[in-house]
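Presented below is the structure to which this report refers.
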Amino acid sequence: MRALLFALTLIPVLSACGPRDLPREEIAEVLFPSKGLLGGFELGDSWEDIKAKHPEQFEVRDDDYKQLRRDVGENAGSNGYFLGFQLDGAGKVVGLSAHISGKEQNAVTVRVLLDDVIAHFDKTIGKGRCTRTGTKDNSSNCHWEAPGKPKVDVSYLEMLDIKQGALTVSFKPPT
(Lines give C-alpha, C1' and ligand atoms only; values in the text may rest on other atoms or scores of the structure.)
Protein backbone atom coordinates (compact mmCIF):
# COMPACT_ATOMS: atom_id res chain seq x y z
CA MET A 1 0.00 0.00 0.00
CA ARG A 2 2.84 2.39 0.85
CA ALA A 3 4.44 1.75 -2.54
CA LEU A 4 1.16 2.61 -4.28
CA LEU A 5 0.77 5.85 -2.33
CA PHE A 6 4.38 6.79 -3.08
CA ALA A 7 3.89 6.09 -6.78
CA LEU A 8 0.73 8.20 -6.85
CA THR A 9 2.54 11.15 -5.27
CA LEU A 10 5.27 10.94 -7.93
CA ILE A 11 2.89 11.23 -10.89
CA PRO A 12 2.36 15.02 -10.62
CA VAL A 13 6.07 15.59 -10.00
CA LEU A 14 7.18 13.50 -12.98
CA SER A 15 4.63 15.00 -15.32
CA ALA A 16 5.81 18.51 -14.39
CA CYS A 17 9.43 17.75 -15.34
CA GLY A 18 9.18 18.43 -19.06
CA PRO A 19 7.51 21.23 -20.99
CA ARG A 20 3.80 21.10 -21.70
CA ASP A 21 2.86 20.07 -25.21
CA LEU A 22 2.45 22.80 -27.80
CA PRO A 23 -1.21 23.11 -28.82
CA ARG A 24 -0.71 21.94 -32.44
CA GLU A 25 -4.38 22.29 -33.47
CA GLU A 26 -4.56 25.81 -32.02
CA ILE A 27 -1.37 26.83 -33.82
CA ALA A 28 -2.63 25.32 -37.09
CA GLU A 29 -5.82 27.40 -36.79
CA VAL A 30 -3.70 30.53 -36.34
CA LEU A 31 -1.42 29.66 -39.28
CA PHE A 32 -4.26 28.61 -41.60
CA PRO A 33 -7.33 30.64 -40.55
CA SER A 34 -10.64 30.53 -42.38
CA LYS A 35 -10.34 34.31 -42.77
CA GLY A 36 -7.36 36.64 -42.71
CA LEU A 37 -3.73 35.83 -43.44
CA LEU A 38 -2.59 34.92 -39.96
CA GLY A 39 -4.68 34.44 -36.85
CA GLY A 40 -7.59 36.15 -38.58
CA PHE A 41 -5.55 39.31 -39.15
CA GLU A 42 -4.79 41.03 -42.46
CA LEU A 43 -2.24 43.45 -43.81
CA GLY A 44 -3.73 46.92 -43.30
CA ASP A 45 -5.45 46.10 -39.97
CA SER A 46 -5.10 48.61 -37.15
CA TRP A 47 -2.82 47.65 -34.23
CA GLU A 48 -5.27 49.35 -31.86
CA ASP A 49 -8.11 47.13 -33.16
CA ILE A 50 -5.93 44.02 -32.87
CA LYS A 51 -5.07 44.81 -29.25
CA ALA A 52 -8.73 45.45 -28.42
CA LYS A 53 -10.09 42.31 -30.14
CA HIS A 54 -7.31 39.71 -29.83
CA PRO A 55 -8.16 36.13 -28.83
CA GLU A 56 -7.95 35.61 -25.08
CA GLN A 57 -5.20 32.95 -25.18
CA PHE A 58 -2.73 35.67 -26.21
CA GLU A 59 -0.88 38.19 -24.09
CA VAL A 60 -0.29 41.56 -25.77
CA ARG A 61 3.24 42.90 -25.98
CA ASP A 62 3.09 46.58 -26.91
CA ASP A 63 6.54 48.10 -26.57
CA ASP A 64 9.26 48.12 -29.23
CA TYR A 65 7.72 44.82 -30.35
CA LYS A 66 4.10 44.53 -31.34
CA GLN A 67 3.15 40.95 -30.57
CA LEU A 68 0.45 38.59 -29.42
CA ARG A 69 2.26 35.95 -27.31
CA ARG A 70 1.24 32.47 -26.19
CA ASP A 71 3.84 30.83 -23.97
CA VAL A 72 3.51 27.17 -23.06
CA GLY A 73 5.71 26.57 -20.05
CA GLU A 74 8.01 28.49 -17.78
CA ASN A 75 10.64 29.85 -20.17
CA ALA A 76 9.14 32.54 -22.35
CA GLY A 77 10.01 31.98 -25.98
CA SER A 78 11.31 28.40 -25.72
CA ASN A 79 7.94 26.61 -25.85
CA GLY A 80 5.17 28.63 -27.39
CA TYR A 81 4.45 31.00 -30.21
CA PHE A 82 3.77 34.61 -31.02
CA LEU A 83 2.33 36.70 -33.79
CA GLY A 84 4.40 39.72 -34.74
CA PHE A 85 3.08 42.87 -36.38
CA GLN A 86 5.15 45.37 -38.36
CA LEU A 87 3.40 48.73 -38.47
CA ASP A 88 3.56 51.84 -40.61
CA GLY A 89 3.50 55.37 -39.17
CA ALA A 90 -0.30 55.30 -38.92
CA GLY A 91 -0.32 52.10 -36.83
CA LYS A 92 -1.49 49.88 -39.71
CA VAL A 93 -0.07 46.40 -40.26
CA VAL A 94 2.39 46.23 -43.17
CA GLY A 95 3.93 42.87 -42.21
CA LEU A 96 2.76 39.82 -40.27
CA SER A 97 4.76 36.96 -38.83
CA ALA A 98 4.37 33.93 -36.62
CA HIS A 99 7.19 32.36 -34.66
CA ILE A 100 6.81 28.93 -33.06
CA SER A 101 9.46 27.46 -30.75
CA GLY A 102 9.55 24.04 -29.17
CA LYS A 103 12.00 22.16 -26.98
CA GLU A 104 12.16 18.45 -26.24
CA GLN A 105 8.98 16.68 -27.46
CA ASN A 106 7.71 20.00 -28.87
CA ALA A 107 10.59 20.09 -31.38
CA VAL A 108 8.79 17.29 -33.24
CA THR A 109 5.56 19.32 -33.31
CA VAL A 110 7.40 22.31 -34.79
CA ARG A 111 8.92 20.09 -37.51
CA VAL A 112 5.50 18.64 -38.39
CA LEU A 113 4.08 22.17 -38.59
CA LEU A 114 6.79 22.98 -41.16
CA ASP A 115 5.47 20.19 -43.39
CA ASP A 116 1.92 21.54 -42.92
CA VAL A 117 3.04 25.07 -43.79
CA ILE A 118 4.81 23.96 -46.98
CA ALA A 119 1.79 21.94 -48.13
CA HIS A 120 -0.59 24.81 -47.34
CA PHE A 121 1.31 27.49 -49.27
CA ASP A 122 2.08 25.18 -52.19
CA LYS A 123 -1.68 24.71 -52.47
CA THR A 124 -2.84 28.30 -51.85
CA ILE A 125 -0.08 30.33 -53.52
CA GLY A 126 1.68 27.93 -55.86
CA LYS A 127 4.80 25.82 -55.77
CA GLY A 128 7.34 27.45 -53.47
CA ARG A 129 11.12 27.30 -53.32
CA CYS A 130 12.81 25.61 -50.34
CA THR A 131 16.53 25.29 -49.72
CA ARG A 132 18.42 23.64 -46.90
CA THR A 133 20.51 25.98 -44.80
CA GLY A 134 22.09 23.43 -42.46
CA THR A 135 24.54 20.68 -43.34
CA LYS A 136 23.91 18.31 -40.41
CA ASP A 137 20.28 19.13 -39.71
CA ASN A 138 17.01 19.95 -41.46
CA SER A 139 17.22 23.75 -41.17
CA SER A 140 15.74 25.38 -44.25
CA ASN A 141 14.26 28.49 -45.86
CA CYS A 142 11.24 28.58 -48.15
CA HIS A 143 9.68 31.34 -50.25
CA TRP A 144 6.38 31.80 -52.09
CA GLU A 145 5.49 34.67 -54.38
CA ALA A 146 2.70 34.98 -56.95
CA PRO A 147 1.06 38.02 -58.59
CA GLY A 148 -1.61 39.58 -56.39
CA LYS A 149 -0.82 37.35 -53.40
CA PRO A 150 1.20 38.17 -50.30
CA LYS A 151 4.85 37.16 -50.27
CA VAL A 152 5.53 34.39 -47.78
CA ASP A 153 8.90 33.52 -46.28
CA VAL A 154 9.39 30.55 -43.96
CA SER A 155 12.47 29.63 -42.00
CA TYR A 156 12.94 26.51 -39.95
CA LEU A 157 15.84 26.15 -37.55
CA GLU A 158 16.64 22.79 -36.01
CA MET A 159 19.08 22.75 -33.11
CA LEU A 160 20.17 19.19 -32.49
CA ASP A 161 22.43 19.84 -29.51
CA ILE A 162 19.48 20.87 -27.33
CA LYS A 163 16.65 19.23 -29.32
CA GLN A 164 14.84 22.39 -30.21
CA GLY A 165 13.07 23.62 -33.32
CA ALA A 166 11.90 27.06 -34.37
CA LEU A 167 9.62 27.98 -37.25
CA THR A 168 8.98 31.50 -38.55
CA VAL A 169 6.36 32.39 -41.15
CA SER A 170 6.37 35.97 -42.52
CA PHE A 171 3.93 37.78 -44.80
CA LYS A 172 4.64 40.91 -46.85
CA PRO A 173 2.32 42.74 -49.26
CA PRO A 174 2.23 41.57 -52.88
CA THR A 175 4.26 43.52 -55.40
Side-chain angles (χ1 to χ4, degrees), residues 19-47 49-61 65-73 76-87 92-133 137-159 164-175:
R20 294 189 334 223
D21 289 342
L22 284 174
R24 182 174 173 214
E25 292 78 23
E26 175 186 309
I27 295 170
E29 287 177 17
V30 168
L31 291 175
F32 319 119
S34 57
K35 65 175 193 160
L37 285 177
L38 186 63
F41 304 109
E42 291 279 356
L43 297 169
D45 285 352
S46 159
W47 175 241
D49 289 344
I50 292 168
K51 289 190 308 183
K53 300 174 186 174
H54 71 278
E56 65 184 38
Q57 75 261 28
F58 289 106
E59 175 186 321
V60 175
R61 181 172 179 186
Y65 298 98
K66 308 302 183 200
Q67 297 176 343
L68 297 180
R69 297 187 65 80
R70 171 89 154 92
D71 291 317
V72 178
S78 64
N79 279 297
Y81 68 101
F82 67 82
L83 305 181
F85 301 87
Q86 296 80 46
L87 308 178
K92 302 289 184 185
V93 176
V94 293
L96 284 165
S97 62
H99 181 80
I100 303 111
S101 294
K103 280 188 176 181
E104 298 175 19
Q105 82 277 8
N106 290 324
V108 174
T109 300
V110 174
R111 179 61 181 89
V112 170
L113 283 166
L114 171 65
D115 292 336
D116 295 345
V117 164
I118 291 170
H120 173 76
F121 291 122
D122 277 352
K123 181 180 177 183
T124 59
I125 295 180
K127 188 73 174 148
R129 232 178 33 250
C130 292
T131 56
R132 277 183 77 163
T133 56
D137 59 25
N138 289 317
S139 296
S140 57
N141 285 317
C142 302
H143 179 76
W144 290 265
E145 188 171 356
K149 297 189 178 190
K151 296 178 191 176
V152 180
D153 288 303
V154 172
S155 66
Y156 171 72
L157 179 59
E158 180 179 80
M159 294 162 274
Q164 182 174 352
L167 176 65
T168 303
V169 179
S170 301
F171 295 89
K172 297 287 182 199
T175 54

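Quick note: residue numbers are just sequence positions, from 1.
The side-chain hydrogen bond (donor to acceptor under 3.5 Å, both in side chains) test applied to Ser97 returns no partner, not counting sequence neighbours. Scanning for side-chain hydrogen bond (donor to acceptor under 3.5 Å, both in side chains) contacts around Arg111 gives Asp115, with sequence neighbours left out. Here Ala146 pairs with Ile125, Lys149 under the side chain to side chain contact (heavy atoms under 4.5 Å, CB included) rule; sequence neighbours left out. Every side chain to side chain contact (heavy atoms under 4.5 Å, CB included) that Ser139 has, sequence neighbours left out, goes to Thr133, Asp137, Leu157, Glu158. For Lys51, the side chain to side chain contact (heavy atoms under 4.5 Å, CB included) test picks out Trp47, Glu48, Val60, Asp62, with sequence neighbours left out. Listed by chain and residue number, nothing satisfies the ring-ring contact (aromatic ring centres under 6.0 Å, His included) test with His143 (two or more places apart in sequence, or in another chain). Residues passing the salt bridge (charged side-chain N to carboxylate O under 4.0 Å, His left out) test with Asp116 are Arg24, sequence neighbours excluded. The salt bridge (charged side-chain N to carboxylate O under 4.0 Å, His left out) check on Arg61 picks up Asp63, with sequence neighbours excluded. Lys127 meets the salt bridge (charged side-chain N to carboxylate O under 4.0 Å, His left out) test with Asp122; sequence neighbours excluded. For Glu26, the side chain to side chain contact (heavy atoms under 4.5 Å, CB included) partners two or more places apart in sequence, or in a different chain, are Pro23, Gln57, Arg70, Tyr81.
For the atom pair OG of Ser34 and CD of Glu29, the computed distance is 8.5 Å after rounding to the nearest 0.5 Å. Atom CG in Asn141 sits 8.5 Å away from atom SG in Cys130 (nearest 0.5 Å). Note that the CD atom of Glu59 and the NE2 atom of His54 stand 8.5 Å from one another [nearest 0.5 Å]. Within the model, atoms CE of Met159 and NZ of Lys103 stand 8.5 Å from one another, a figure rounded to the nearest 0.5 Å. Expressed to the nearest 0.5 Å, how far CG of Asp153 lies from CZ of Arg129 amounts to 8.5 Å. Taking CZ of Phe171 as the reference point, atom CD of Glu42 lies at 9.5 Å (rounded to 0.5 Å).
Look at Arg69 and Asp71 and you find a salt bridge, because one of the NZ, NE, NH1 or NH2 atoms lies within 4.0 Å of a carboxylate O, short of that distance.
The minimum heavy-atom distance between Leu87 and Lys66, with the atom names listed, is CD1-CG, 3.7 Å. Annotation for Ala166 and Ser101: closest pair CB-OG, 4.2 Å, computed over non-hydrogen atoms. Of all heavy-atom pairs spanning Ser140 and Leu114, the tightest one is OG-CD2, 4.1 Å. Nearest heavy-atom pair, Val110 versus Gly102, reported as atom, atom and distance to 0.1 Å: CG2-N, 3.7 Å.
Contact annotation: the side chain of Pro55 never approaches that of Val30 to less than 4.5 Å [non-hydrogen atoms, C-beta and beyond]. In this structure, the side chains of Leu113 and Tyr156 stay at 4.5 Å or more apart for every pair of heavy atoms. Residues Leu43 and Val94 have side chains not in contact (no heavy-atom distance under 4.5 Å, counting atoms from C-beta outward). Annotation: side chain of Val169 is in contact with side chain of Val117 (closest heavy-atom distance under 4.5 Å). In this structure the side chain of Ile118 never reaches within 4.5 angstrom of the side chain of Val154, judged on heavy atoms. Taking the side chain as every heavy atom from C-beta outward, Leu83 and Leu96 never approach each other to under 4.5 Å. Using a 4.5 Å heavy-atom threshold, the side chains of Ser46 and Lys92 count as touching.
Note: Phe41 and Phe85 have perpendicular aromatic rings, judged against thresholds of 30 and 60 degrees for the angle between ring planes.
At distances below 3.5 Å, not a single donor-acceptor pair connects side-chain atoms of Asn79 with backbone N or O atoms of Asp21.
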